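Report on one structure; see the data block that follows.
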Amino acid sequence: MDLSGTSVFYQSVLRAWSLALRNTRSEVQLCSLVEEEPLFYNPLIPVTELTFKSICLRFQRAGITKLGDLRFDEDWKSGEVLRAATGIMSVRLLQRIVEGVASSLPTFLKEALQHHSAGDQETFPSLPIAAEMGDHQEEGALLSFRTPQLAGFAEVSKKALYSICMKVLHRNSLDGLKESREKLCLLNFLIGQGKLAVWLTRKNKLQGSGTLDPELLLRAAVRIRLRIEYAYFKTTHNLPAFHRVWGQGGVLCGTDEEGGLLLFF
């Protein structure tokens with residue numbers, strides 16, 4: 001996908017969506033608005049020429065962006081017609097694009113085009129989406145895609161999209177971990193501290209003082225909390241409980257042979 005015309009922020013957003021979300025439209029939904037299928041970056045229309053930036057630009061300027069824009073009176077437009085519309089001089093190239101589009105369509109879409117007539121459906125349908133889970137096994141896993149619930153792309157909240165994207169992007173590091181109360185408590189603590197660090201650094205930026213590095217602030221806050229928790233559990237002679245909650249997998253901390261606190265970040 002060519003995102004060079006968008007800002008760095010929206011490039012990162014669109015890339016995250018492309019990795020984390022998948023389209024779950026059914027064949028019925030696809031067929032109902034077959035002529036509305038986009039010509040560019042559409043896996044249903046894998047035509048090489050339609051990925052060329054110069055051709056995309058010419059087509060877009062001519063208003064040719066959808067499958068129906070290549071059709072006229074239930075037939076495909078000729079290369080001569082497209083040359084007049086786009087200004088691309090090679091009729092052979094344009095004819096090859098049209099033939100490539102026509103031949104690359106799945107059979108069910110070809111049949112839908114044959115029976116489609118203008119005005120069959122005026123309202124664009126909802127675009128259902130789901131998380132790109134791969135081969136993730138849900139049962140008993142710490143990572144769960146049961147929430148948040150995703151429906152149509154237009155209706156889903158920003159918070160739900162962010163949550164799903166974070167789950168998918170960190171899926172490899174969390175797959176295989178089983179759910180437990182201690183792990184949930186630790187994750188909730190870290191997520192809360194991360195959000196607090198982001199908020200505090202934004203506040204510091206507005207006030208013009210303090211650190212602007214949320215990672216630095218997060219690490220400092222977690223170190224302080226670990227030292228406090230360690231001191232409590234050591235005083236109560238219950239270091240095994242400290243390990244169960246705060247020493248999960250030896251990721252954040254542990255203890256040496258003499259029982260002293262070790263920080264691993």
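Only heavy atoms go into these numbers, but all of them, side chains included; no hydrogens, no water, no symmetry mates. Given the structure is predicted, the values throughout are model-derived calculations rather than measurements.
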Please test Asn204 against Thr211 for side-chain contact (heavy atoms from CB on, under 4.5 Å), starting from the C-alpha separation and ending with a verdict. CA-CA 7 Å; Asn204 290 344; Thr211 180; 4.2 Å; yes
Any chance you could measure Leu67, atom CG, to Trp76, atom CH2, to the nearest 0.5 Å? 4.5 Å
Look at the side-chain heavy atoms of Ile, Leu, Val, Met, Phe, Trp and Tyr, link any pair under 4.5 Å apart, and say whether Met89 and Leu94 land in one connected group. no
Are the side chain of Asp69 and the backbone of Lys66 linked by a donor-acceptor contact shorter than 3.5 Å? yes
Donor-acceptor pair, Arg223 side chain versus Phe265 backbone, under 3.5 Å? yes
For Thr147, does its backbone N or O pair with a side-chain atom of Lys167 as donor and acceptor, under 3.5 Å? yes
Should Glu49 and Arg96 count as an ion pair when the cut-off is N to O under 4.0 Å? yes
Rounded to the nearest 0.5 Å, the CD1 atom of Ile45 sits from the OG atom of Ser104 at a distance of 6.0 Å
Lys77 and Leu70, any side-chain heavy atoms less than 4.5 Å apart: no
Please list all pairs passing the salt bridge (Lys or Arg N to Asp or Glu O under 4.0 Å) test where one or both residues lie in residues 185-205, with sequence neighbours left out. none
Interatomic distance, CD1@Ile164 vs CG@Leu21, rounded to 0.5 Å, equals 8.0 Å
Where Ala160 and Leu150 come nearest, the two heavy atoms and their spacing: CB-CD2, 4.3 Å
Tell me if a side-chain donor or acceptor on Gln95 pairs with a main-chain N or O of Gly79 at a distance below 3.5 Å. yes
Using side-chain contact (heavy atoms from CB on, under 4.5 Å), reason through Arg83 and Ile88 one step at a time and then give a plain yes or no. CA-CA 5 Å; Arg83 179 177 64 178; Ile88 297 175; 5.8 Å; no
Is Val81 reachable from Ile97 through a run of I, L, V, M, F, W or Y residues, each pair having side-chain heavy atoms under 4.5 Å apart? no
Is a side-chain donor or acceptor of Arg61 paired with a backbone partner of Thr86 at a separation under 3.5 angstrom? no
Look up atom CG in Leu262 and atom CG in Leu252, then write down how far apart they are to the nearest 0.5 Å. 12.5 Å
Would Leu109 and Val34 count as a side-chain contact (heavy atoms from CB on, under 4.5 Å) here? Give the steps. CA-CA 7 Å; Leu109 284 185; Val34 59; 3.8 Å; yes
Is there a chain of hydrophobic side chains (I, L, V, M, F, W, Y, each step under 4.5 Å between heavy atoms) that links Leu190 to Met166? no
Considering non-hydrogen atoms only, spot the tightest contact between Thr255 and Tyr230 and give its length. CG2-CE1, 4.1 Å
To the nearest 0.5 Å, how far apart are CG in Leu239 and OH in Tyr232? 12.0 Å
Shortest non-hydrogen pair, Cys253 vs Leu261, comes out as CB-CD1, 4.1 Å
Closest non-hydrogen atom pair, Arg71 against Leu113: NH2-O, 3.7 Å
Are Leu196 and Val198 linked, directly or through intermediate hydrophobic residues, by side-chain heavy-atom contacts shorter than 4.5 Å (ILVMFWY only)? no
ILVMFWY network linking Leu187 to Trp246, side-chain heavy atoms under 4.5 angstrom: no
Gap separating the NZ atom of Lys158 from the OG atom of Ser163, nearest 0.5 angstrom: 15.0 Å
Compare all side-chain heavy atoms of Thr107 with those of Glu111 and state whether any distance is below 4.5 angstrom. yes
Can you find a pair of side-chain heavy atoms, one from Leu82 and one from Val98, that are under 4.5 Å apart? yes
Taking the side chain as C-beta and beyond, is there a heavy-atom pair between Cys56 and Gln60 under 4.5 Å? yes
Do you know which two heavy atoms are closest between Glu132 and Val168, and how far apart they sit? O-CG1, 3.6 Å
Considering all heavy atoms of both residues, which atom of Ala131 and which atom of Phe145 are nearest to each other, and what is their separation? CB-CD2, 3.6 Å
Evaluate side-chain contact (heavy atoms from CB on, under 4.5 Å) for Ser180 paired with Lys183, printing each intermediate quantity in order. CA-CA 5 Å; Ser180 70; Lys183 288 177 182 176; 3.2 Å; yes
